[in-house]
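A short worksheet on the structure shown next.
This chain uses plain numbering: 1 for the first residue, then up along the sequence.
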Amino acid sequence: QVQLVESGGALVQAGGSLSLSCAASVSTRNINSMGWYRQAPGRQRELVARISSGGSTTYADSVKGRFTISRDSAKNTVNLQMDSLNPEDTAVYYCKAQIDFFKFYWGQGTQVTVSS
């Protein structure tokens, strides 16, 4: 069992920045990949960014160049730095830990609201 706790969500003005953090209850070295997903009202949950155990990263086209995902193995955290935020980034952001193909865990989510 892996527990994930997200933090850092807030209300921010368009053009601003936020940093989200996801703390895992186990060493992130034992997790195949970790990622951030988001879900806006009335929309499906979508991938925002993902980072593998080897450090390879994947970003949604809509956030490339604005968001940066990173892992801190010493603190067992995965962070998402979000810059140049716009109202379309408003959503609940979820952390996901992919242990293997069949096993994964979700955090409870943190709200990000970007005002225009």
Side-chain angles (χ1 to χ4, degrees):
Q1 186 80 10
V2 177
Q3 294 181 331
L4 303 170
V5 180
E6 301 102 330
S7 62
L11 170 64
V12 64
Q13 289 189 329
S17 297
L18 276 178
S19 181
L20 304 183
S21 183
C22 172
S25 61
V26 300
S27 172
T28 56
R29 293 186 178 92
N30 298 325
I31 299 174
N32 185 29
S33 71
M34 296 191 72
W36 286 95
Y37 291 70
R38 67 186 180 187
Q39 187 167 18
R43 302 189 67 175
Q44 289 188 330
R45 191 171 297 188
E46 62 177 3
L47 173 69
V48 176
R50 181 171 56 225
I51 186 166
S52 72
S53 56
S56 299
T57 57
T58 302
Y59 293 94
D61 287 343
S62 60
V63 306
K64 282 181 181 177
R66 300 189 299 122
F67 291 10
T68 304
I69 189 170
S70 62
R71 296 173 74 138
D72 187 334
S73 297
K75 297 181 180 179
N76 296 332
T77 60
V78 175
N79 305 305
L80 185 68
Q81 176 64 37
M82 306 186 294
D83 299 318
S84 302
L85 286 161
N86 58 62
E88 289 70 38
D89 296 316
T90 295
V92 178
Y93 284 69
Y94 297 90
C95 179
K96 180 182 181 183
Q98 190 82 33
I99 307 303
D100 56 37
F101 185 81
F102 299 102
K103 188 181 294 183
F104 54 88
Y105 299 91
W106 291 98
Q108 83 288 350
T110 186
Q111 177 70 48
V112 171
T113 303
V114 185
S115 64
S116 57

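Atoms CE and OG, from M82 and S17 in turn, are 9.0 Å apart once rounded to the nearest 0.5 Å. Rounded to the nearest 0.5 Å, atoms OG (S70) and CE (M34) are 11.0 Å apart. Taken to the nearest 0.5 Å, the OH atom of Y105 stands 9.5 Å off from the CD1 atom of I31.
Summarising the local packing, CD of Q111 is surrounded by more than 12 heavy atoms from other residues, nucleotides or ligands at distances under 6.0 Å.
Y59 and L20 fall within the same hydrophobic cluster, defined by Ile, Leu, Val, Met, Phe, Trp and Tyr side-chain heavy atoms under 4.5 Å apart, directly or through other members. A continuous path of ILVMFWY side-chain contacts below 4.5 Å connects V112 to L4, so both sit in one hydrophobic cluster. Both V92 and W106 belong to a common hydrophobic cluster when Ile, Leu, Val, Met, Phe, Trp and Tyr are linked at side-chain heavy-atom distances under 4.5 angstrom.
In this structure, K96 is positioned above the aromatic face of F104, its NZ or CZ under 6.0 Å from the six-membered ring centre and within 45° of the axis.
Looking at residues two or more places apart in sequence or on another chain, you find no side-chain hydrogen bond (donor to acceptor under 3.5 Å, both in side chains) involving N32.
Residue I69 is tested with V78, T58, V63 for a side chain to side chain contact (heavy atoms under 4.5 Å, CB included); the sole match is V78.
If you check the side chains of N79 and Q81, you find no donor sitting under 3.5 Å from an acceptor.
Remark: the backbone N or O of G109 is paired with a side-chain donor or acceptor of E6 at under 3.5 angstrom.
Note: F67 and Y93 have tilted aromatic rings, judged against thresholds of 30 and 60 degrees for the angle between ring planes.
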Side-chain polar contacts of residues 45-55 - donor-acceptor pairs under 3.5 angstrom, sequence neighbours left out - could you list them?
unit_1 : atom_1 : unit_2 : atom_2 : d
R45    : NE     : Q39    : OE1    : 3.4
E46    : OE2    : R38    : NE     : 2.8
E46    : OE2    : R38    : NH2    : 3.4
S52    : OG     : G54    : N      : 3.2
S52    : OG     : G55    : N      : 3.3
S52    : OG     : S56    : N      : 3.0

